[in-house]
Amino acid sequence: MLKTHTCGELRAEHAGQTVTLAGWVNRRRDHGGLIFIDLRDRFGLTQIVANPQNEAAYKVMSDLRSEFVVQIVGKARARPTGSENPNLETGAIEVEATEVKVLNAAKPTPFYINEESNVDETLRLKYRYLDLRRERMKKNLVLRHNVTSFIRKYLSDKGFIEVETPILFKTTPEGARDYLVPSRVHPGKFYALPQSPQQLKQLLMVGGIERYFQIARCFRDEDQRGDRQPEFTQLDMEMSFVERDDVMNLIEGMFTALVESVSDKKILHKPWPRFTYAEAMEKYGDDKFDIRFGMEIQNVTSVTKGSGFRVFDEAECAKAIVAPNCASYSRKQLDELVELAKTMGAKGLLWASVGANGEVKSSFGKNFPEEKMKILVSKLNTKEGDLILLVADSSSAAGSVLGKLRVEMADRLKLRDPNVMAFCWVIDFPLFMWNEEEKRWDPSHHLFTSPLPEDIPLLDTEPGKARGAQYDLVCNNYEMAGGSIRIHDRKLQEKVFQLIGLPWEVAQERFGHMLEAFEYGTPPHGGIAPGIDRLTMLLAGEPNIREVIAFPKSQQAADLMAGAPSVAEAHQLKELHIRLADGV
RNA sequence: GGACCCGUGGUGUAGCGGUUAACAUGCGGCCCUGUCAAGGCCGAGAUCGCGGGUUCGAAUCCCGUCGGGUCCGCCA
């Protein structure tokens, strides 16, 4: 080792010892006659001092600059009384350098390593290896490690084993868009990178593993968001001989212990509330939502129907949220809110503000009977200072807009406490969603999700009413995990394939191995897959998952550091039997 | 595929129709023995992402383009 101690290690009791430290020059303070540097490594900062009496060390120290990598031999000693630094873990002590060796010099860096200033993200991503030296990224990667190592220990203690599954697998076009990898050995054929190890973990259950987990990389070639990267990490897990509550209880226990162990975030409700999908859509307009605040969506169709106002009368329904203390919004702010609602997919947004003595100002008062307005205001339980926001549309469209608006208003009102984790479950999803364009049923989760046992007969009569044995974990407006009890019966699986319009031959080609496996003694099984990036992001209080990924991709799915993706050489393409289209 | 925001010395910002393009920090030099965002003095460093247009005049207005970000679509 090139060092005897880390830079975060020395304390008063080390005084008198000769130590060797190595790390980066975090900061240099040159007093002419006396030079200080703060030496940094991953574990902390230690002040090094050079005295002109030590001529050789002093000379090298005076040439040091930020981010030089140096090795320093010296004597640890208590700092002179009054010059201790209480803000530094090692602040009681300093190392008087006797030998200083530059291991590698450094040019001035393109941005500051030693302070927490905003830096353009293009630069951070291009020089990610420098960005990783900064406190923010270092802290986040340590946290991420703590998350995964907690999970590994917790699940191992519960009898789970970690099993790796292939990255080169088979395309499943019915999911997200696949990343394809051309085969050299099989001209014209392609592997796909897994969107998740779904089939493989089920086959591990057929293989008798019973309790499996994996910190698994998943790949989806879809457009990016702050919480979505083309490759991301799931805690993928699966258990045999379980029912829905077994999986949910395990996750609830593990996540509660995890959050309390690796962070100081508070969990809002224990045990976690459960919502049916229908309740969630009614109250929050979305299957992911935030329960750290109220402002639930209320259906006011019974008041607005038959008012003579066309916007209300012609819409399937009208829904509203009540934003407290927003009645003072100016006309300009309200207009901006209307525009915002339109970007969220609304045809329009109506507002009404409640002033002193119940006086109501609104954008639609001219067209809406006064007595109806009174009923509306009282039905919504408003008080002075409230701003009512209404959307008249189809039930799902109105809910969707107000669900987004609800979160936006809560942000403005600072009702979303970042120190609180509001976990909740969503259950009783419909097994299928009707796809109007294709005139067929689409699985609302994935095609291996089992119906609830009591709803299996509905598959023959009213498939739209069948509920899936699915459970989603929601936290602070993010979908944190999705899971289900799976189908383990060939007949049932074939029926689902049939309902979603998968021709027999296609089902056989794509999923024949699954169907066949179900004929060789498949245990009932189920699992779940929490997103590690999103969880870590929330625990770190970060606004996007790039901050908890060492080398993330840009919104255009590019690696700005290495310059991926990049062109392949002609001989590589030839070996892969690939010819580029004209104009590419 | 669509909407919106951003791009000015190395970095972070100001300037928003006429400025010698400002400030902080970093960088280089000199001074300085107890600092810890050390301090003081001096200096270098930007054709304002790129291309076109409007104008007597463009960092500033318009169009296009590139890069980054946010959102909609998409994400079984």
Side-chain angles (χ1 to χ4, degrees), chain A residues 26-39 45-53 58 62 65-67 79-88 90-91 94 96 107-127 130 172-178 195-196 198-199 218-230 232 288 336 339-346 400-401 404 407-408 429 431-433 435 441-449 468 470 479 482 484 496-497 500 502 510-511 531 543-544 546 552-556 558 560:
Chain A
N26 194 58
R27 218 176 266 282
R28 182 178 64 105
R29 293 178 292 279
D30 186 343
H31 289 226
L34 195 64
I35 303 169
F36 299 98
I37 64 166
D38 293 332
L39 191 67
L45 288 176
T46 299
Q47 176 166 284
I48 313 295
V49 57
N51 207 294
Q53 280 86 64
Y58 181 83
S62 66
R65 294 295 180 272
S66 289
E67 300 308 310
R79 294 198 187 182
T81 309
S83 65
E84 302 89 349
N85 185 347
N87 302 319
L88 218 54
T90 61
E94 64 192 4
E96 183 174 19
K107 295 198 292 189
T109 51
F111 50 82
Y112 301 119
I113 308 297
N114 56 16
E115 58 181 77
E116 294 294 306
S117 53
N118 282 337
V119 179
D120 181 71
E121 194 154 355
T122 317
L123 260 191
R124 292 181 58 202
L125 292 177
K126 179 172 179 193
Y127 295 98
L130 297 179
T172 51
E174 41 284 306
R177 196 177 294 111
D178 279 324
Q195 297 173 26
S196 82
Q198 181 60 36
Q199 295 180 42
C218 306
F219 305 85
R220 293 179 192 175
D221 187 4
E222 297 292 350
D223 287 342
Q224 309 303 292
R225 290 290 187 279
D227 63 342
R228 275 162 33 188
Q229 282 270 309
F232 62 101
K288 62 177 169 58
E336 281 167 2
E339 287 312 304
L340 185 66
K342 286 180 182 166
T343 71
M344 293 167 171
S400 162
V401 172
K404 286 169 188 148
V407 172
E408 167 69 22
F429 283 76
L431 189 60
F432 301 111
M433 305 278 196
N435 182 333
W441 294 104
D442 280 345
S444 65
H445 184 44
H446 59 56
L447 64 198
F448 304 111
T449 300
Q470 179 191 344
E479 182 190 328
S484 61
V496 168
F497 286 161
I500 63 175
L502 207 59
R510 285 187 195 149
F511 303 112
N544 65 66
R546 294 187 301 279
K553 293 185 174 51
S554 75
Q555 193 161 58
Q556 300 302 314
L560 300 182

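Throughout, protein chains are lettered first and strands after them, A, B, ... in sequence-line order, and every chain is numbered starting at 1.
Along RNA chain B, the nucleotide nearest A:Ala176 and the nucleotide nearest A:Val49 are compared for position; the residue whose nucleotide lies closer to the 5' end is A:Val49. The nearest heavy atom of RNA chain B to A:Asp227 and to A:Pro52 marks one nucleotide each, and the one closer to the 5' end goes with A:Pro52.
Atom CZ in A:Phe36 sits roughly 13 Å away from atom P in B:A37 (whole-Å rounding). Here the C1' atom of nucleotide B:C74 and the CG atom of A:Asn435 are 13 Å apart, to the nearest Å. We find that CD of A:Gln556 is positioned 10 Å from P of B:C66, with the value rounded to whole Å. B:U35 atom P lies 20 Å from atom CG of A:Asn114, rounded to whole Å. At whole-Å resolution of the value, CG in A:Asp30 and P in B:A37 are 17 Å apart. Following rounding to the nearest Å, A:Glu96 (CD) and B:G34 (C1') show an atom-to-atom distance of 12 Å. Note: CD (A:Gln195) to C1' (B:C75) measures 9 Å, nearest angstrom. Rounded to a whole Å, the CE atom of A:Met344 is 11 Å from the C1' atom of B:C72.
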Side chain to side chain contact (heavy atoms under 4.5 Å, CB included) between A:Thr122 and A:Leu560, intermediate numbers included | CA-CA 7 Å; A:Thr122 317; A:Leu560 300 182; 4.2 Å; yes

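With contacts defined as side-chain heavy-atom distances shorter than 4.5 Å, the pair A:Phe219/A:Gln229 does not qualify. Put simply, the side chain of A:Ile500 reaches to within 4.5 Å of the side chain of A:Phe432, judged on heavy atoms. Proximity of A:Leu447 to A:Phe511: side-chain heavy atoms (C-beta onward) are separated by under 4.5 Å at one or more points. When side chains are defined from C-beta on, A:Met433 does not count as touching A:Pro443, because their heavy atoms never get closer than 4.5 Å. Side-chain contact between A:Asp221 and A:Asp178: absent, with no pair of heavy atoms (C-beta onward) separated by less than 4.5 Å.
Atom C1' of B:U55 sits at a distance of 12 Å from the matching atom of B:G18, rounded to the whole Å. Nucleotides B:G9 and B:G17 are separated by 23 Å at their C1' atoms, to the nearest Å. When the C1' atom is compared between B:G49 and B:C6, the two are found 11 Å apart, to the nearest whole Å. For the P atoms, the distance from B:U20 to B:G7 is 24 Å, rounded to whole Å. For B:G53 and B:C42, the P atoms lie 44 Å apart once the distance is rounded to whole Å. For B:A21 and B:U60, the P atoms lie 15 Å apart once the distance is rounded to whole Å. B:C75 and B:C62 are spaced 37 Å apart, taking the C1' atom of each and rounding to whole Å. Comparing the same atom, C1', in B:A46 and in B:U13 gives a spacing of 14 Å after rounding to whole Å.
Listed pair A:Arg65 / B:G28 meets the phosphate criterion, a side-chain N or O lying under 4.0 Å from OP1 or OP2. The phosphate of B:A38 has OP1 or OP2 within less than 4.0 Å of a side-chain N or O from A:Arg27. At B:U35, none of the side-chain N or O atoms of A:Gln47 fall inside 4.0 Å of OP1 or OP2 (strictly under the cut-off). Put simply, A:Arg29 has a side-chain N or O that comes within less than 4.0 Å of OP1 or OP2 on B:A38. For B:C27, neither phosphate oxygen OP1 nor OP2 lies less than 4.0 angstrom from any side-chain nitrogen or oxygen of A:Arg28. Phosphate contact (OP1/OP2 of B:A3, side-chain N/O of A:Thr343, threshold under 4.0 Å): absent.
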Nucleic acid footprint by protein, nucleotides 4-12 of chain B - heavy-atom cut-off 4.0 Å, B for base, S for sugar-phosphate alone | ------BBS

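In this structure, B:C48 forms no base pair with any nucleotide, since neither Watson-Crick nor G-U wobble geometry is met with both distances under 3.5 Å. The pairing partner recorded for B:G18 is B:C56, the criterion being a Watson-Crick or G-U wobble arrangement whose two distances lie under 3.5 angstrom. With a cut-off of 3.5 Å on both pairing distances, B:G73 has no Watson-Crick or G-U wobble partner at all. Remark: B:G34 base-pairs with no nucleotide; criterion is Watson-Crick or G-U wobble with both hydrogen-bond distances under 3.5 Å.
In this structure, the nucleotide among B:G73, B:C36, B:G68 sitting nearest to the side chain of A:Lys404 is B:G73. Listed nucleotides B:U33, B:G69, B:G73 differ in distance to A:Ser554; the shortest reach to its side chain belongs to B:G69. With distances taken from any side-chain atom of A:Asn544 to the nucleotides B:U70, B:C75, B:C27, the minimum falls on B:U70.
A:Ser196 comes within contact range of at least one nucleobase, with a heavy-atom separation under 4.0 Å. A:Leu45 comes within 4.0 angstrom of nothing in the nucleic acid, heavy atoms only. Among the atoms of the strands shown, none is found under 4.0 Å from any heavy atom of A:Gln224. Backbone-only engagement by A:Arg546 is indicated by non-hydrogen atom pairs under 4.0 Å involving sugar-phosphate atoms exclusively. Among the atoms of the strands shown, none is found under 4.0 Å from any heavy atom of A:Glu115. Contact annotation for A:Gly91: no contact, since no heavy-atom pair falls under 4.0 Å across all strands. Within 4.0 Å (heavy atoms only), A:Glu479 reaches no atom of the nucleic acid at all.
Closest approach of A:Glu94 to A:Phe36, counting heavy atoms only: OE1-CE2, 4.4 Å. A:Pro230 and A:Gln224 make their closest contact through CD-OE1, 2.6 Å (heavy atoms, listed as atom of the first residue, atom of the second, distance).
Remark: ring of A:His31 overlaps the six-membered base ring of B:A38 in a stacked fashion, centroids less than 5.5 Å apart, planes less than 30° apart.
A salt bridge is defined here as a Lys NZ or Arg NE, NH1 or NH2 lying under 4.0 Å from an Asp or Glu carboxylate O, and A:Arg79 with A:Glu84 fails to meet this definition. Residues A:Arg28 and A:Asp30 are paired through a salt bridge, judged by an N-O separation under 4.0 Å between the basic side chain and the carboxylate.
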Check: residues 107-114 of chain A side-chain donor-acceptor pairs under 3.5 Å, at least two apart:
from	atom 1	to	atom 2	distance (Å)
A:Thr109	OG1	A:Phe111	O	2.7
A:Asn114	ND2	A:Asn26	O	2.8

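By the 30° and 60° cut-offs, the orientation of the rings of A:Phe497 relative to A:Phe448 is perpendicular.
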Restricting both atoms to N or O, compile the protein contacts to nucleotides 45-48 of chain B shorter than 3.5 Å, with distance only.
none

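Under the 3.5 Å distance criterion, the side-chain polar atoms of A:Glu222 are left unmatched by any main-chain donor or acceptor of A:Ala176.
Taking 3.5 Å as the limit, the base of B:G34 and the side chain of A:Glu94 contain a donor-acceptor pair of atoms between them. Residue side chain A:Asn85 reaches the base of B:C36 through a donor-acceptor N/O pair under 3.5 Å, judged by distance alone. Contact of A:Arg228 with B:C74 (side chain to base): a donor-acceptor pair of N or O atoms is detected under 3.5 Å.
Using a 3.5 Å distance cut-off with no hydrogens or angles, the side chains of A:Arg29 and A:Gln47 do pair a donor with an acceptor.
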